[in-house]
2 protein chains.
Amino acid sequence: MTTSTKERILNVAERLFAKQGFPSTSLRDITTEASVNLASVNYHFGSKEALLGALLDRRFRPMNELRLKFLDTLESDAAETGKRIDVNDVVRAFLAPPFEQQTQGQLSRTFLRLVGRIHAETNEQHRATFEGLFQDVRVRFTIALQNALPHLSERVVRQRMLFLMGSMAFAMAGSVTPTNDAAPKDDILEPLIQFATGGMSAREEKP
Amino acid sequence: MTTSTKERILNVAERLFAKQGFPSTSLRDITTEASVNLASVNYHFGSKEALLGALLDRRFRPMNELRLKFLDTLESDAAETGKRIDVNDVVRAFLAPPFEQQTQGQLSRTFLRLVGRIHAETNEQHRATFEGLFQDVRVRFTIALQNALPHLSERVVRQRMLFLMGSMAFAMAGSVTPTNDAAPKDDILEPLIQFATGGMSAREEKP
DNA sequence: GTCTATATGCGGATAGAC
DNA sequence: GTCTATCCGCATATAGAC
């Protein structure tokens, strides 16, 4: 169970960024809690910003790859059976992967909070970094949702996709506090999927 | 059109907090842009934290009072006619007031972003301040939604209320970018109401 | 790779003249 | 009420010994 300095920094930074936000977390907070030297952050990562970038890359990349893999499966299944893809399944393919990330069972909650934080972040530079990792996913899922909801206008599908991400981010950022921490998948993911599917499927009324 | 120093500080602070977030906005940013002296913030408000408090009080209080007024009207109408309140109407009573706040037409977008920020904020102290201003609204609307959706469990209604707030916060924080800034009410509010109503009304599936 | 020490700047807050 | 000047702490980042 030897964790390198680099990994210890990443793990602690992840937790503190999730808890306090990026600007309010100092390198001193991180290095003190990780029991590593202050200068080691700049040695290993170059800067605080680069540390965040490394962090996002470590987690968001596999998460988004999993999303796309789920969607691939849905689409090839649909191609075989000739049936239209179900909205509920697309929503699930998008929302489930963040909840699969729980490597040790302990990281899950922390990571969910970080996802929420990053989505809610308005800093231009962070948004750009994040968008680079997220673009493929957004485009592919928007198309899939348009196919699953052909009666809706493109514009509304795109917009509802963002509403969906808002529910997700907020749920993950910690505002949704289930009575027990045991099963975030059952306590948060399933209700979230139901809500989001209902929202995506709502009738479009144009006044 | 004489604006006092105090008002100028409030207006600029509102815009900058909305744009950059609270921790990343310095008093120097604010006073420079407002063309007032640095020391005036502490003279008029006491501290940066207190400035935020004053800001929230100025905007959130009337906004939340409007929400409750709308809900009062809905409930007294329902009592007269004997009909159950419609979910869509409750959702509208909750979501519309932030969009009514546009004093000059120019403040609206800024204020919506701030609302989103504050909701997404995880800082303990800010959450406490905010919750004090918001508690009544949350309780009253949760009860109204439970009455409008009697087939749902209390737990799920409470949880969906938070998902709804997530969509709202995210939409307001600026991630939803309509092609034109002209009519946020039509471009954001109406689609948001449709999405949120659909989500709140979704069937509750217990596996 | 890891440490100490330090450079350099920005942050909130305040003292005290006007 | 408004200004200048300043205190003082903490921030990121780096230089250079080990």
Side-chain angles (χ1 to χ4, degrees), chain A residues 1-58 114 117-118 121-129, chain B residues 1-58 114 117-118 121-129:
Chain A
M1 190 57 180
T2 33
T3 36
S4 67
T5 297
K6 213 169 161 179
E7 279 171 341
R8 287 235 298 289
I9 293 171
L10 283 171
N11 290 337
V12 171
E14 186 167 85
R15 183 154 40 84
L16 293 185
F17 288 164
K19 186 179 172 192
Q20 311 171 350
F22 179 78
S24 304
T25 302
S26 69
L27 295 183
R28 289 169 214 283
D29 291 343
I30 296 168
T31 52
T32 302
E33 192 153 329
S35 305
V36 300
N37 189 272
L38 172 61
S40 61
V41 173
N42 274 283
Y43 175 78
H44 284 289
F45 299 98
S47 72
K48 188 187 175 187
E49 286 286 344
L51 167 60
L52 178 64
L55 225 161
L56 293 183
D57 205 68
R58 179 175 76 147
L114 181 65
R117 280 273 188 197
I118 294 298
E121 187 69 52
T122 312
N123 178 305
E124 285 301 319
Q125 193 177 350
H126 298 170
R127 288 203 72 77
T129 305
Chain B
M1 190 57 179
T2 34
T3 35
S4 67
T5 297
K6 213 171 162 176
E7 280 170 343
R8 287 234 298 288
I9 292 171
L10 282 171
N11 291 336
V12 172
E14 187 166 85
R15 184 155 38 83
L16 293 185
F17 288 165
K19 186 179 171 194
Q20 311 171 350
F22 180 78
S24 304
T25 302
S26 70
L27 295 183
R28 286 171 172 82
D29 290 343
I30 296 168
T31 53
T32 301
E33 191 152 329
S35 305
V36 301
N37 190 272
L38 171 62
S40 61
V41 173
N42 274 283
Y43 175 78
H44 285 289
F45 299 98
S47 70
K48 189 187 175 187
E49 286 285 344
L51 168 60
L52 178 63
L55 226 161
L56 293 183
D57 206 67
R58 177 175 79 149
L114 182 64
R117 281 271 188 195
I118 294 298
E121 187 71 52
T122 314
N123 177 305
E124 286 302 318
Q125 194 177 348
H126 298 168
R127 287 204 72 78
T129 305

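Order of the sequence lines sets the chain letters (A, B, ...), proteins ahead of strands, with each chain counted from 1.
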Nearest-Å distance, [atom1] ([X]) to [atom2] ([N])?
X: Arg28(A); N: dA11(D); atom1: CZ; atom2: P; answer: 6 Å
X: Leu27(A); N: dT14(D); atom1: CG; atom2: P; answer: 11 Å
X: Asn42(B); N: dT2(D); atom1: CG; atom2: C1'; answer: 14 Å
X: Leu38(A); N: dG1(C); atom1: CG; atom2: P; answer: 18 Å
X: Ile9(A); N: dC3(C); atom1: CD1; atom2: P; answer: 10 Å
X: Leu51(B); N: dA13(C); atom1: CG; atom2: P; answer: 10 Å
X: Ile30(B); N: dC10(C); atom1: CD1; atom2: P; answer: 17 Å

**Phe22(A) six-ring face occupied by Lys48(A) cation (under 6.0 Å, within 45°)** =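 Cation-pi check for Lys48(A) and Phe22(A): passes.
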
Nearest to the side chain of [X], heavy atoms from C-beta on, is which of [options]?
X: Tyr43(A); options: dG1(C), dC3(D), dA15(D); value: dG1(C)
X: His44(B); options: dA13(C), dC3(D), dT2(D); value: dT2(D)
X: Lys48(B); options: dA13(D), dA13(C), dT4(C); value: dA13(C)
X: Ala39(A); options: dC3(C), dC10(D), dA13(C); value: dC3(C)
X: Asn37(B); options: dA13(C), dT4(D), dT12(D); value: dT4(D)

**Message:** If I take atom OG from residue Ser26(A) and atom CD from residue Gln20(A), how far apart are they, to the nearest 0.5 angstrom?
**Reply:**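 Separation between the atoms: 8.0 Å.
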
Any non-hydrogen side-chain atom of [X] less than 4.5 Å from a side-chain atom of [Y]?
X: Asn42(B); Y: Leu27(B); result: yes
X: Thr5(B); Y: Tyr43(B); result: no
X: Leu51(B); Y: Ile30(B); result: yes

**Asked** When we call it a touch if two heavy atoms are under 4.0 Å apart, what does Ser40(A) touch: a base, just sugar-phosphate, or nothing?
**Response**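 Ser40(A): no heavy atom of the nucleic acid under 4.0 Å.
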
**Asked** Using a cut-off of 4.0 Å on non-hydrogen atoms, how would the nucleic acid contact of Thr31(A) be classed: base, sugar-phosphate, or nothing?
**Response**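 Touches nothing.
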
**Message:** Quick check: on DNA chain D, is the nucleotide nearest Thr5(B) upstream (toward 5') of the one nearest Ser24(A), or the reverse? Name the residue that is more 5'.
**Reply:**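 The 5'-side residue here is Thr5(B).
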
